[in-house]
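Chain letters run A, B, ... following the sequence lines, proteins first and then strands; every chain starts at 1. The figures that follow rest on heavy atoms only: side chains count, while hydrogens, waters and symmetry mates do not.
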2 protein chains.
Amino acid sequence: MGNQKLYKGSLQTIILKLLETNDKMYGYEITQHVKELTKGELQITEGALYPALHKLEADGLLAVEVAKVGNRLRKYYKLTESGTKETANKLEEMQEFLKTMQHLVNPKFSME
Amino acid sequence: MGNQKLYKGSLQTIILKLLETNDKMYGYEITQHVKELTKGELQITEGALYPALHKLEADGLLAVEVAKVGNRLRKYYKLTESGTKETANKLEEMQEFLKTMQHLVNPKFSME
DNA sequence: TTTGATGCATAGAATTCTTAGGTATAAATA
DNA sequence: TATTTATACCTAAGAATTCTATGCATCAAA
């Protein structure tokens, strides 16, 4: 996932957030979407993405739907009910984390 | 380090930033300082902190100065010259990361 | 006098991601 | 038409970082 270790730990949250916004997506689509959204800053590697998707599925947060496009298959992922709840939790945690880090590294611009 | 994996990858930057602001600090002091600054949100564990300090020292970013206080010793760490430069780099990367993540998880509040 | 705070440290496990492959179809280009 | 690039899935081995669980020792407070 990119070259920056800062993103370590945030992949699940990123995936869940994308699926909250876009309803259903397939793996390759996610990598391209993130690349565009971040102007190339963040490149999710497939070696990180697919295991992450499988784990989210195994944990019951995502459901899969296989589609055939031409002669190739795509695996569309979407949030389950508990996935939607967990997404809300994870986004809250992420906001808290971002606020805390902002405060730590740049106290001037994060006064409350 | 707390229970949140989101902080994975940001420990070095946190340490460097603290030393940039406070000139010199010892390990235990760092844990307490972060705990206060984050109102308990982030608790750096010693099992994460000390190896991190040793690595930063080995990489030439920190210099150590042992002090005796009463009958106990403290190891004060401070930035070296290259440590100061690297701190600037890491803080820039962190700002970029925070901006990117904010944009990803909450596009509404991160328009430019 | 025993607990809690201070202060250092390491070893092993767990987690996450990177690197480096593998397979295959479709489109573009040389 | 042959080859490269893009699309689309996947996994295994290793690196890197952190957590959990220890250990040792001093000092203050209960």
Side-chain angles (χ1 to χ4, degrees), chain A residues 1-16 24-36 40-59 62 64-77 90 93-94 97 101, chain B residues 1-16 24-36 38 40-59 61-62 64-77 90 93-94 97 101:
Chain A
M1 171 169 191
N3 43 357
Q4 291 194 231
K5 62 183 179 184
L6 291 177
Y7 290 92
K8 236 174 211 276
S10 47
L11 179 55
Q12 279 195 9
T13 306
I14 292 171
I15 294 171
L16 293 174
K24 77 176 187 184
M25 300 182 84
Y26 57 99
Y28 187 77
E29 189 183 12
I30 291 176
T31 65
Q32 300 308 304
H33 210 85
V34 169
K35 199 167 151 190
E36 278 175 39
E41 240 260 315
L42 176 53
Q43 307 229 12
I44 299 178
T45 62
E46 298 180 326
L49 178 69
Y50 290 112
L53 286 173
H54 299 161
K55 182 174 186 347
L56 288 170
E57 186 194 351
D59 290 346
L62 299 186
V64 192
E65 183 192 320
V66 179
K68 236 188 158 185
V69 177
N71 231 347
R72 265 191 300 206
L73 56 81
R74 281 181 191 165
K75 291 175 82 172
Y76 280 98
Y77 289 89
K90 285 209 184 295
E93 280 173 24
M94 177 59 76
F97 162 70
M101 281 308 305
Chain B
M1 165 171 197
N3 45 357
Q4 291 195 228
K5 62 184 178 183
L6 291 178
Y7 290 92
K8 238 175 211 270
S10 47
L11 179 55
Q12 279 195 8
T13 305
I14 292 172
I15 293 172
L16 293 174
K24 77 178 185 181
M25 300 182 84
Y26 55 99
Y28 187 77
E29 190 183 12
I30 291 175
T31 65
Q32 300 308 303
H33 211 84
V34 169
K35 199 166 149 189
E36 279 174 39
T38 66
E41 240 260 316
L42 177 52
Q43 309 229 10
I44 299 179
T45 63
E46 300 181 321
L49 179 68
Y50 290 113
L53 287 172
H54 299 161
K55 183 175 185 347
L56 288 170
E57 187 194 351
D59 290 348
L61 305 184
L62 298 186
V64 192
E65 183 192 323
V66 179
K68 238 190 155 185
V69 178
N71 231 347
R72 264 189 302 203
L73 56 81
R74 282 181 192 164
K75 292 176 82 171
Y76 280 97
Y77 290 90
K90 284 208 185 293
E93 280 175 23
M94 177 59 77
F97 162 70
M101 280 307 306

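Nearest-nucleotide positions on DNA chain D for A:Leu73 and A:His54 put A:Leu73 closer to the 5' end. Toward the 5' end of DNA chain D, the nearer of the two residues B:Pro51 and B:Glu46, judged by each one's closest nucleotide, is B:Pro51.
Nearest nucleotide to the side chain of B:Tyr77, out of C:dA9, D:dA8, C:dT16: C:dA9. Distance from the side chain of A:Thr45 is smallest for C:dT19 among the nucleotides C:dT10, D:dT11, C:dT19. Considering only side-chain atoms of B:Gln12, the nucleotide from C:dT6, D:dT17, D:dT7 that sits closest is D:dT17. Of the candidates D:dT7, D:dT17, C:dC8, the closest approach to any side-chain atom of A:Lys5 belongs to D:dT17. Comparing C:dA26, C:dC8, D:dT18 by their closest approach to the side chain of A:Asn71 singles out C:dA26.
Using a 4.0 Å heavy-atom distance criterion, B:Lys55 is classed as a sugar-phosphate-only contact. Across all strands, B:Arg72 comes closer than 4.0 Å to base atoms (heavy-atom distances). Nucleic acid contact for B:Gly27: sugar-phosphate only, since backbone atoms but no base atoms lie under 4.0 Å from a heavy atom of the residue.
What separates OH of A:Tyr26 from P of D:dC9 is a distance of 7 Å, to the nearest Å. Per the geometry, NE2 belonging to A:His33 stands 15 Å off P belonging to D:dA8, to the nearest Å. Atom C1' of nucleotide D:dA25 and atom OH of B:Tyr28 are separated by 14 Å, given to the nearest angstrom. Between A:Tyr50 atom OH and C:dA20 atom P the separation is 19 Å, expressed in whole Å. The separation between A:Ile44 atom CD1 and C:dT16 atom C1' is 13 Å, rounded to whole Å. Distance, B:Leu53 CG to C:dG7 P: 14 Å, rounded to whole Å. One atom, NZ of A:Lys75, and another, C1' of D:dC10, lie 9 Å apart when rounded to the nearest Å. One atom, CZ of A:Arg74, and another, C1' of C:dA26, lie 12 Å apart when rounded to the nearest Å.
Side-chain N/O atoms of B:Lys8 and base N/O atoms of D:dT17 include a donor-acceptor pair closer than 3.5 Å.
For the 3.5 Å distance criterion, the side chains of A:Tyr77 and A:Glu29 fail to qualify, holding no donor opposite an acceptor. Checking B:Glu41 against B:Tyr7 by side-chain atom types alone, a donor-acceptor pair falls below 3.5 Å.
By the 4.5 Å heavy-atom criterion applied to side chains, B:Thr45 and B:Leu49 are not counted as neighbours.
Both tests hold for B:Lys24 against B:Tyr76: distance to the six-membered ring centre under 6.0 Å, angle to the ring axis within 45°.
The shortest non-hydrogen separation linking B:Gly27 to B:Leu53 is CA-CD1, 4.1 Å.
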